Amino acid sequence: MKISNIHQFISVLLFLLVSIGCTDDLDNIETNNINSENAFDDPASYLQFLGKIYAGLSVTGQQGPAGQGDLIGFDEGNSQYTRTYFYLNELTADAVKWRYNDAGVPGLLINTWTPDNDVISVVYNRIIFQVTQTNEFLRQTTQEVLDGRNVSTDIQSEVAFYRAEARFLRALSYYHGLELFGGNVPFVTEDDLPGAFLPEQTNAAALFSYIESELLEIADLLVPARQNGYGRADQAAAWTLLARLYLNAESFIGENRYADCLTFCNRVIGAGYALEPNYNELFLADNNTAEGIIFPVTHDGIQTQSFGFMFIMVNGTLDANINASDDFGANTGGFAALTCKESFVRLFEFPGDDPFQDSPDQRASFFFKDGHSLELTSPPTGSDFEEGFGYTKYRNLSSAGVPGQDNTFPDIDLPLFRLADIYLMYAEAFLRGGGGDLATALSFVNAIRERAYGDTSGNVAAIDLPFILDERGRELGWEGYRRTDLIRFGQYTGSTYLWDWKGGVENGTAIPEHLKLFPIPSGDLNANPNLIQNPGY
């Protein structure tokens with residue numbers, strides 16, 4: 001679904017957004033004057049409204065790349081959903097450095113954030129905004145409402161699929177609320193009347209149970225795996241999110257659900273997905289044709305321009321040295337913000353353990369070393385643009401080397417769920433006692449590594465949990481997984497594992513346990529007396 005020009009009718013949320021019940025949240029939401037009485041006169045409006053919910057993952061408002069933003073009070077460049085989600089899961093961990101002193105970023109880089117952090121507040125509000133839109137869509141598409149509008153049976157049948165997709169997107173956002181905030185977020189559904197109350201705060205166990213039940217139910221209501229339109233959720237998307245939920249259940253709620261994780265990995269694998277033969281092509285401008293992508297967040301350099309995740313993944317990695325090469329198209333928006341922490345580079349194999357040598361692992365070919373040092377000796381937001389390897393995983397070029405439609409805004413889709421992650425989840429669930437068998441786990445791991453090495457030279461005969469954590473870092477680097485992975489493996493807080501500038505010290509230092517969760521933003525605590533701050537803040 002390459003989403004374009006989401007019609008202004010979408011802001012039917014004029015009087016509806018109060019369903020979040022929080023003054024601070026309402027102050028941050030842009031609306032216009034179309035209301036629910038006329039917004040659905042055109043039957044196509046149902047799909048357009050659904051399109052707006054999907055678009056909430058990739059754009060920041062009603063006009064690209066900025067203008068008419070969804071959230072008031074935040075710079076649109078720093079308030080896109082997947083960009084700020086990436087910040088929380090990657091800048092706070094062992095792989096990525098951001099060179100500029102943008103609001104909220106320095107605290108993330110050195111693990112010293114507070115409830116007043118701007119990035120944390122944006123992610124929290126994005127989650128709420130997505131949930132709010134979905135709730136209203138579901139209210140406007142009940143059987144009773146559709147019958148009252150004399151909507152035809154054929155359209156109602158289509159709307160039933162739309163409703164399942166919307167519920168998936170809401171479950172995804174609530175999953176992020178569980179993952180980032182420990183589930184201690186305000187909870188509302190379409191059954192809660194807008195503006196009638198200040199929502200109660202839910203908790204990890206209750207939110208986990210809700211997400212699980214929603215996904216189990218809608219998995220039977222969604223379009224079968226691999227049969228929906230590109231960019232839209234199908235059964236495999238729900239199964240993948242369930243697998244991820246169960247993989248992290250021990251971290252989230254203290255329950256061992258690895259057998260369930262493995263069950264849903266098997267369902268996805270059984271749907272007939274295949275690994276994309278060329279790893280690079282998963283992250284190029286025409287990756288909408290790549291194999292193994294289960295659920296993407298779509299981007300288009302013309303129709304969905306934003307200063308979001310793909311904008312920074314391409315332009316934010318480009319410095320003078322990289323731009324001087326011939327490998328990156330005609331990008332004009334490079335600003336040299338992102339670079340690698342040494343700990344990330346060290347995950348890969350190099351001859352003689354020298355990262356300046358060429359690695360046999362194709363996934364290390366993205367490191368740009370010319371004119372760069374390996375170590376980060378200056379503070380994380382220092383202006384030394386030669387510190388840290390570049391990492392050019394995302395390139396606004398097609399597989400044939402043709403530049404994307406726009407020199408600044410990429411065409412690359414974010415592969416939010418992909419098959420290699422499922423393979424690694426299967427292997428991890430097996431090692432944690434979830435069932436399956438070693439031969440199958442090894443076959444999945446080696447399929448990933450054979451693609452990376454180009455032959456069987458990188459294949460392994462044995463696997464253990466530390467190996468899986470490192471392999472996830474290699475395979476899924478800079479895709480938004482790392483903080484959650486480190487927490488699940490007990491490597492995030494404390495001093496067991498140190499990385500560059502962890503805790504604000506060049507060679508790393510211990511950070512406290514409460515940093516496994518982010519704080520509830522101060523403004524929301526002040527606006528809603530039902531909210532209680534996460535421990536340690």
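Everything numeric here is computed off the predicted structure, so don't read it as measured data. Values below: all heavy atoms of this structure, side chains included; hydrogens, waters and symmetry mates excluded.
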In terms of heavy-atom contacts, Trp478 and Tyr394 come closest through O-OH, 3.1 Å
Below 30° counts as parallel, above 60° as perpendicular, anything between as tilted: where do the rings of Trp113 and Phe518 land?
tilted
Side-chain donor-acceptor pairs under 3.5 Å in residues 346-356, sequence neighbours left out?
unit_1, atom_1, unit_2, atom_2, d
Arg346, NE, Glu342, OE2, 3.3
Arg346, NH1, Asp353, O, 3.4
Arg346, NH2, Glu342, OE2, 3.3
Glu349, OE1, Tyr453, OH, 2.7
Asp354, OD1, Phe356, N, 3.0
Asp354, OD2, Gln357, NE2, 3.3

Quick check: do Leu178 and Leu245 have side-chain heavy atoms less than 4.5 Å from each other?
yes
Side chain to side chain contact (heavy atoms under 4.5 Å, CB included) against Gln362, all qualifying residues, sequence neighbours excluded
Asn278, Tyr279, Asn280, Ser365
Go through it in stages, so that I can follow the logic: the residues are Val314 and Arg395, the test is side chain to side chain contact (heavy atoms under 4.5 Å, CB included), and I'd like the CA-CA distance, side-chain angles, deciding distance and then a yes or no.
CA-CA 6 Å; Val314 174; Arg395 307 186 187 195; over 6 Å; no
For Glu76, all residues meeting salt bridge (charged side-chain N to carboxylate O under 4.0 Å, His left out), sequence neighbours excluded
none
Could I get the full list of ring pair (Phe, Tyr, Trp, His ring centres under 6.0 Å) partners for Phe307, not counting sequence neighbours?
Phe311, Phe409
I'd like to know whether the aromatic ring centres of Tyr391 and Phe368 sit less than 6.0 Å apart in this structure.
no
Got a sec, which residues hit salt bridge (charged side-chain N to carboxylate O under 4.0 Å, His left out) with Asp102, two or more places apart in sequence or on another chain?
none
Would you please name every residue forming a ring pair (Phe, Tyr, Trp, His ring centres under 6.0 Å) with Phe252, sequence neighbours left out?
Tyr175
All ring pair (Phe, Tyr, Trp, His ring centres under 6.0 Å) counterparts of Tyr81, not counting sequence neighbours:
His176
Does the distance from a Lys or Arg side-chain N to an Asp or Glu carboxylate O, for Arg449 and Asp455, drop under 4.0 Å?
no
All pairs passing salt bridge (charged side-chain N to carboxylate O under 4.0 Å, His left out) where residues 169-182 contributes a residue, at least two apart
Arg170-Glu190, Arg170-Glu214
Non-neighbouring partners of Thr82 that pass side-chain hydrogen bond (donor to acceptor under 3.5 Å, both in side chains), sequence neighbours left out
Gln80
Could you list the donor-acceptor pairs under 3.5 angstrom formed between side-chain atoms of residues 415-431 and any protein atom two or more places apart in sequence or on another chain?
unit_1, atom_1, unit_2, atom_2, d
Arg418, NE, Glu479, OE1, 3.0
Arg418, NH1, Glu475, OE2, 2.9
Arg418, NH2, Glu475, O, 2.7
Arg418, NH2, Glu475, OE2, 3.3
Arg418, NH2, Glu479, OE2, 2.7
Asp421, OD1, Arg472, NH1, 2.8
Asp421, OD1, Arg472, NH2, 3.1
Asp421, OD2, Arg244, NH2, 2.8
Tyr426, OH, Asp437, N, 3.4
Glu428, OE1, Arg488, NH2, 3.0
Glu428, OE2, Arg432, NE, 2.9
Glu428, OE2, Arg432, NH2, 3.3
Glu428, OE2, Arg488, NE, 2.6

Is there a donor-acceptor pair closer than 3.5 Å between any side-chain N or O of Glu165 and the backbone N or O of Leu50?
no
Please enumerate all residues that pass salt bridge (charged side-chain N to carboxylate O under 4.0 Å, His left out) together with Arg482, with sequence neighbours excluded.
Asp94
With sequence neighbours left out, the residues meeting side-chain hydrogen bond (donor to acceptor under 3.5 Å, both in side chains) with Asp470 are none
